[in-house]
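Keep in mind that this is a model prediction, so the values were computed, not measured. FYI, side chains are in, hydrogens and waters are out, and symmetry mates aren't considered; it's all heavy atoms of this structure.
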Amino acid sequence: MFKLFLNIIQNENIFGLWKGLLPSFLRCIPGVGLYFSTLYAAKQHFFPKQGPSPIESVLLGAGSRTVAGVCMLPFTVVKTRYESGKFGYRSVYGALNNIYKTEGPRGLFTGLTATLLRDAPFSGIYLMFYTQAKKIVQHEIDPAFSSLQNFGCGIMAGIMASVATQPADVIKTHMQLSHEKNRWTGQVATHIFRNHGVTGFFRGGFPRALRRTFMAAMAWTVYEQMMEKMGLKS
């Protein structure tokens, strides 16, 4: 990871570390809002009086992430290609337009199956571990440190969920960077296994776990604090 970090700086200067920032904003900010809105609505509809069980938490998290993932997938494709440096896109609109013209509407949803196999289980597993961790520590920590408690529970849940969904993330990235059309998930998985073995499915696991864990922990900490300020049950 450190060698890759230095390589990016040497070849693209320090700003190379922020490549794909705009599509990341366009994907993450609305995506987070859509996810939490869907999750809150589902919890209020199905569990108005008591919290969900661990299995129900998995289904809630996975279902909410599926809605957000499908809606934001075109920006995920653009973000992945921006960061790869293999495509000469000059703007997000230009990228979306180019993909639509050269690959059709299907191109904007490249890697949909792999993305959902990564994101839906991640959010489901994350929500399960997060809610269970909070139940364990909620009576052990002073309420004044609730933000720290939420963040700590988020970090633990993020690590667990990242490890479990890393293979799907690798497959998704390979599909979205490929110039070949109509490559399905099974073909890509077979290609990775033949060329890199089992370890190929865990390449880039550490930086991804680092990014997703901290992003999810911060998002949940902010969400919990906002819900508390508004007097709503999270």
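The aromatic rings of Trp220 and Tyr35 lie perpendicular to each other, with more than 60° between the two planes, well past the 30° mark.
Interatomic distance, SG of Cys153 versus CZ of Phe129, reported as 12.5 Å (0.5 Å rounding). To the nearest 0.5 Å, the span separating OG1 on Thr165 from CD1 on Ile171 amounts to 11.5 Å. Taken from OG1 in Thr185 to CE in Met175, the straight-line distance is 4.0 Å, to the nearest 0.5 Å. Taking CZ of Phe75 as the reference point, atom OG1 of Thr80 lies at 13.0 Å (rounded to 0.5 Å). The distance from atom CE of Met128 to atom OG of Ser123, rounded to the nearest 0.5 Å, is 12.5 Å. Remark: Thr76 OG1 to Lys79 NZ distance equals 7.5 Å, nearest 0.5 Å.
The 12-atom threshold is exceeded at CE of Met227, counting heavy atoms of other residues, nucleotides or ligands nearer than 6.0 Å. Counting heavy atoms of neighbouring residues, nucleotides and ligands inside a 6.0 Å radius, atom CD1 of Ile55 does not exceed 12 of them.
Between the Asn97 side chain and the Tyr93 main chain, no donor and acceptor come within less than 3.5 Å of each other. A donor-acceptor pair is defined here as one N or O able to donate and one able to accept, closer than 3.5 Å; such a pair exists between the side chain of Thr110 and the backbone of Gly107. Checking side-chain atoms of Tyr130 against main-chain N and O of Gly158 turns up no donor-acceptor pair under 3.5 Å. Here the side chain of Asn150 pairs a donor or acceptor atom with the backbone of Ser146 at under 3.5 angstrom.
When each of Arg212, Arg27, Arg65 is tested with Asp119 by the rule salt bridge (Lys or Arg N to Asp or Glu O under 4.0 Å), just one qualifies, namely Arg212. Residue Asp169 is tested with Arg211, Arg208, Arg203 for a salt bridge (Lys or Arg N to Asp or Glu O under 4.0 Å); the sole match is Arg208.
Salt bridge annotation for Lys134-Glu224: present, with a cationic side-chain nitrogen under 4.0 angstrom from a carboxylate oxygen.
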Q | side-chain hydrogen bond (donor to acceptor under 3.5 Å, both in side chains) assessment of Thr190 paired with Gln187 | A | CA-CA 5 Å; Thr190 302; Gln187 289 176 315; over 6 Å; no
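The same ILVMFWY cluster, assembled from side-chain heavy atoms under 4.5 Å apart, contains both Val78 and Leu73. Residues Ile155 and Leu127 do not share a hydrophobic cluster, defined by chaining ILVMFWY side chains whose heavy atoms lie under 4.5 Å apart. Taking hydrophobic clusters as Ile, Leu, Val, Met, Phe, Trp and Tyr residues chained together by side-chain heavy-atom distances below 4.5 Å, Leu232 does not share a cluster with Leu34. Taking hydrophobic clusters as Ile, Leu, Val, Met, Phe, Trp and Tyr residues chained together by side-chain heavy-atom distances below 4.5 Å, Val163 does not share a cluster with Tyr126. A chain of hydrophobic side-chain contacts below 4.5 Å, direct or via other Ile, Leu, Val, Met, Phe, Trp or Tyr residues, connects Val58 to Met160.
In this structure, Arg81 and Ile99 have side chains that are in contact, with non-hydrogen atoms separated by less than 4.5 Å. The side-chain heavy atoms of Cys28 and Met72, taken from C-beta on, include no pair separated by under 4.5 Å.
The minimum heavy-atom distance between Gly200 and Val170, with the atom names listed, is O-CG1, 3.5 Å. Taking both residues in full, the closest heavy atoms of Tyr100 and Pro105 are given as CE1-CG, 3.5 Å, listed atom of the first, atom of the second, then distance. Closest approach of Pro52 and Leu60 over heavy atoms only: CG-CD1, 3.9 Å. Summarising the geometry of Val70 relative to Phe109, their closest heavy-atom pair is O-CE2, 3.5 Å, with the distance given to 0.1 Å. Ala189 and Phe201 make their closest contact through O-CZ, 3.3 Å (heavy atoms, listed as atom of the first residue, atom of the second, distance). Here the closest heavy-atom approach between residue Val77 and residue Leu108 is recorded as CG2-O, 3.6 Å.
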